[in-house]
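Below, read A as the first sequence line, B as the second, and so on, with proteins coming before strands; counting in each chain starts at 1.
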There are 2 protein chains.
Amino acid sequence: MDGLEAREVAYFVAVAEELNFSRAANRLGIAQPPLSRAVKQLERRLGVVLLERTSRRVTLTAAGQVLLNEGRRALDALAAAARRAQRAGQQDPRLVLVTKAVGDGGMLPEILAAYESEPDAIKVDVLFCGFGEQTVLLRSGVADVGLLHGRPDLTGLDFEDLLVEHQIAVLPARHRLAGRAAVTLADLDGEAMPRFAGMRHDGTEGPEVHDAGQLMQLIAMGRTTAILPESARGYLAGDLVCVPVLDAPPSTMMIAWPEQSRSPALATFVRAATDVAARRRVRCGPDSGYDGNQLRDS
Amino acid sequence: MDGLEAREVAYFVAVAEELNFSRAANRLGIAQPPLSRAVKQLERRLGVVLLERTSRRVTLTAAGQVLLNEGRRALDALAAAARRAQRAGQQDPRLVLVTKAVGDGGMLPEILAAYESEPDAIKVDVLFCGFGEQTVLLRSGVADVGLLHGRPDLTGLDFEDLLVEHQIAVLPARHRLAGRAAVTLADLDGEAMPRFAGMRHDGTEGPEVHDAGQLMQLIAMGRTTAILPESARGYLAGDLVCVPVLDAPPSTMMIAWPEQSRSPALATFVRAATDVAARRRVRCGPDSGYDGNQLRDS
DNA sequence: ACGAGCGATACCGTGGAGGTATGGATGGGC
DNA sequence: GCCCATCCATACCTCCACGGTATCGCTCGT
């Protein structure tokens, strides 16, 4: 009748992840017998068997699978609630913006300036992180708002598109295509492409990269190439060149924030960011993303 | 250090909703002193003041506001996890579909037939409910999948559009516009329109309706009129007539399900539904929703 | 000024969470 | 084939904390 206790669910999740009571108990910092009891009690309350235990192996039932998924989400939500309340509670409230190093489309300074000129602006902490970590930080309540690229998993987040950019290939200086004025995806067929950590896996093979520096280094070494939004141009290290990719799908940069957490500060910030993006779109023409570029006339 | 307990959060939410410890305690079925202590302990753990109490009035702090919002969501997620696990656990698994009485766009029988002809189909329970209850039932784990109309709040849900329909005005038989072959929104200006319970409030005034029967009755009584999707035609009671509304925005019917709960059965069902909708779109022409109608040539 | 309403405090009893010791089953090693 | 390691369940104990009752202190309405 009474709702579940978070502790019980956390215990179950630990067991379900380890598939081993002793290890799970160890991880939780408790002894194994209380853990066995707690899980059994959870099963009794739900009236459902969650784990099939032989004395040798633990496996998840269908119900267990469901509770593992949903329970994790619920626990995350609870932890995020706590963190957000804590952050909202301390005076001198901050807005934490998370982006990756080359992921701001070159608009970050402008967005920050626009927001800071708002009358009710509060301080903004900018947090740079590796690829794919943004959504995690947003969901967990560490960050309030993020600038994202690509097609990350956005469940639990609200978002708005900011900027559509054409894409460029980043190549080592002595690459066979480095001299070209433009290339197509067909030209790049067979090139190694990095897997961006945290992105939805799209089956491509290649080195896994976590931040822009790594990526640039790998490209300079000739170990991979990359297709990036036009705005990445400004971040190129010395030995790299970039070439427009004519037929690459445009890359969308968006601003995202935790679902339904529209605090006044957040709302103001989102509006400031979309305003900046709108101004930039007007300045650069309605159909294009980043500033005027040679794709327009092709 | 340790994560929050669900009980504490539930207690806090009750107090925050009532803004009165005694009433909240009563609602929770406990005495007032333990509730005071629990909330205070929660505040101590978070290191944040959630409630400003004078001995006369209780108000929420900013942090309290945040925890009220986020905590409610987290508790919902926890309860939903429990219910879904329970449902997944019982043998003879069912898929619970929720729709409102006139909300299926006339496709429900066809969708059910399509799904049931799938090799791995399981039993489908169809649950009819009042306007705006679908999203609640989906989020709370009572239902697995729903057919929705209008623009309900879809946070926490994934969805796919099924069908775009033109809209018709439903009028009492002796209404001044009842004889018209078609009307525009301007014609209907000033008419009473119902407020659909659970929809986002769009400022309209009028009686609040919870189900189709109520609505039809109110229309027949001349107390209100309504703009409904074309497919509602089939559900009209005796004394009502309907007239196409030429310039009403098309109404989108969609299928929605809890975020990230793509069980195999659900995935199959969603695919069956989208297939049916796709076939219908092809049958009726690419630009329109419900079957061919006089709007095409206007 | 007094009483009603409300939250905080003090104190107590019990249920349950967690610990230790141990049993019972299973599978791998020799 | 025997034995031991592994692993989950059971039994039993301890103690904290959750909930209850009684009461205080403050505040506002009359």
Side-chain angles (χ1 to χ4, degrees), chain A residues 1-61 63-65 67-68 71 75 78 82, chain B residues 1-61 63-65 67-68 71 75 78 82:
Chain A
M1 174 90 17
D2 192 29
L4 291 193
E5 272 313 310
R7 187 181 44 81
E8 293 178 323
V9 178
Y11 285 5
F12 165 75
V13 167
V15 175
E17 285 176 352
E18 299 282 349
L19 289 178
N20 179 315
F21 279 74
S22 305
R23 274 201 304 275
N26 189 34
R27 205 178 89 185
L28 293 166
I30 64 172
Q32 168 259 318
L35 180 56
S36 284
R37 259 192 326 172
V39 172
K40 180 169 296 184
Q41 174 174 333
L42 177 60
E43 288 178 314
R44 220 191 44 228
R45 280 202 210 182
L46 291 175
V48 160
V49 179
L50 299 169
L51 298 166
E52 213 62 68
R53 316 90 150 129
T54 74
S55 75
R56 206 61 193 167
R57 195 178 315 288
V58 175
T59 58
L60 281 171
T61 64
Q65 281 285 359
L67 189 63
L68 175 57
L75 293 177
L78 209 58
Chain B
M1 176 96 8
D2 192 31
L4 293 192
E5 272 314 310
R7 186 181 46 79
E8 292 178 322
V9 177
Y11 284 5
F12 165 75
V13 167
V15 176
E17 285 176 353
E18 299 282 350
L19 289 177
N20 179 314
F21 279 74
S22 305
R23 276 200 305 273
N26 188 33
R27 205 179 87 186
L28 293 166
I30 65 173
Q32 169 259 319
L35 180 57
S36 283
R37 261 191 325 166
V39 172
K40 181 170 296 187
Q41 174 174 334
L42 178 60
E43 288 179 316
R44 222 191 44 228
R45 279 202 211 186
L46 291 175
V48 160
V49 179
L50 299 169
L51 298 167
E52 213 62 67
R53 318 79 156 137
T54 74
S55 74
R56 205 61 194 167
R57 195 178 314 288
V58 176
T59 58
L60 282 171
T61 65
Q65 280 285 359
L67 189 63
L68 175 56
L75 293 177
L78 208 60

When the distance from CG of A:L51 to P of D:dC7 is rounded to whole Å, what number comes out? 16 Å
For a 4.5 angstrom cut-off between non-hydrogen side-chain atoms, does B:T59 reach B:L51? no
Decide yes or no on side chain to side chain donor-acceptor pair (under 3.5 Å) for A:Q32 and A:S36, but give the supporting numbers first. CA-CA 6 Å; A:Q32 168 259 318; A:S36 284; 3.1 Å; yes
Between B:S36 and C:dA8, is there a contact of a side-chain N or O with OP1 or OP2 at under 4.0 Å? yes
B:E18 CD to C:dG5 C1', in whole Å, measures 16 Å
Any B:N20 side-chain N or O less than 4.0 Å from OP1/OP2 of C:dG5: no
Least distance between heavy atoms, B:V39 atom then B:F12 atom: CG2-CA, 4.3 Å
Separation of D:dC18 C1' from A:E5 CD (nearest whole Å): 11 Å
Specify the separation, in whole Å, of atom CG of A:L19 and atom P of D:dT6. 19 Å
Quick one: is the NZ or CZ of A:R7 closer than 6.0 Å to the six-membered ring centre of A:Y11, and within 45° of its axis? yes
Interatomic distance where CD belongs to B:Q32 and C1' belongs to C:dG7 [whole Å]: 5 Å
Using 4.0 Å as the upper bound for N to carboxylate O, is an ion pair formed by A:R57 and A:E52? no
In whole angstrom, what separates A:R44's CZ from D:dA9's P? 14 Å
Counting primed atoms, P, OP1 and OP2 as sugar-phosphate and everything else as base, the B/S/- map of nucleotides 25-30 of chain D against protein heavy atoms under 4.0 Å is -BBS--
Please examine the side chains of A:L68 and A:E17, heavy atoms only from C-beta on, and report whether any two atoms are closer than 4.5 Å. yes
Is A:L50 close to A:V15 at the side-chain level, that is, under 4.5 Å between some pair of heavy atoms? no
Protein heavy-atom contacts under 4.0 Å, written 5' to 3' over nucleotides 10-18 of chain C as B (base), S (sugar-phosphate only) or - (none), form the string -------SB
Could you walk me through whether B:R53 and B:E43 satisfy the salt bridge (Lys or Arg N to Asp or Glu O under 4.0 Å) test, starting with their C-alpha distance in whole Å, then the side-chain angles of each, then the deciding distance to 0.1 Å, before giving a yes or no? CA-CA 13 Å; B:R53 318 79 156 137; B:E43 288 179 316; 3.0 Å; yes
Give a yes/no on whether any side-chain N or O of A:K40 is located under 4.0 angstrom from OP1 or OP2 of D:dT10. yes
Whole angstroms only, please: what is the CG-P distance between B:L35 and D:dT21? 15 Å
Would you indicate whether the side-chain heavy atoms of B:V13 and B:L67 approach each other to under 4.5 Å? no
Establish, with yes or no, whether the OP1 or OP2 oxygen of D:dC7 is under 4.0 angstrom from a side-chain nitrogen or oxygen of A:R53. no
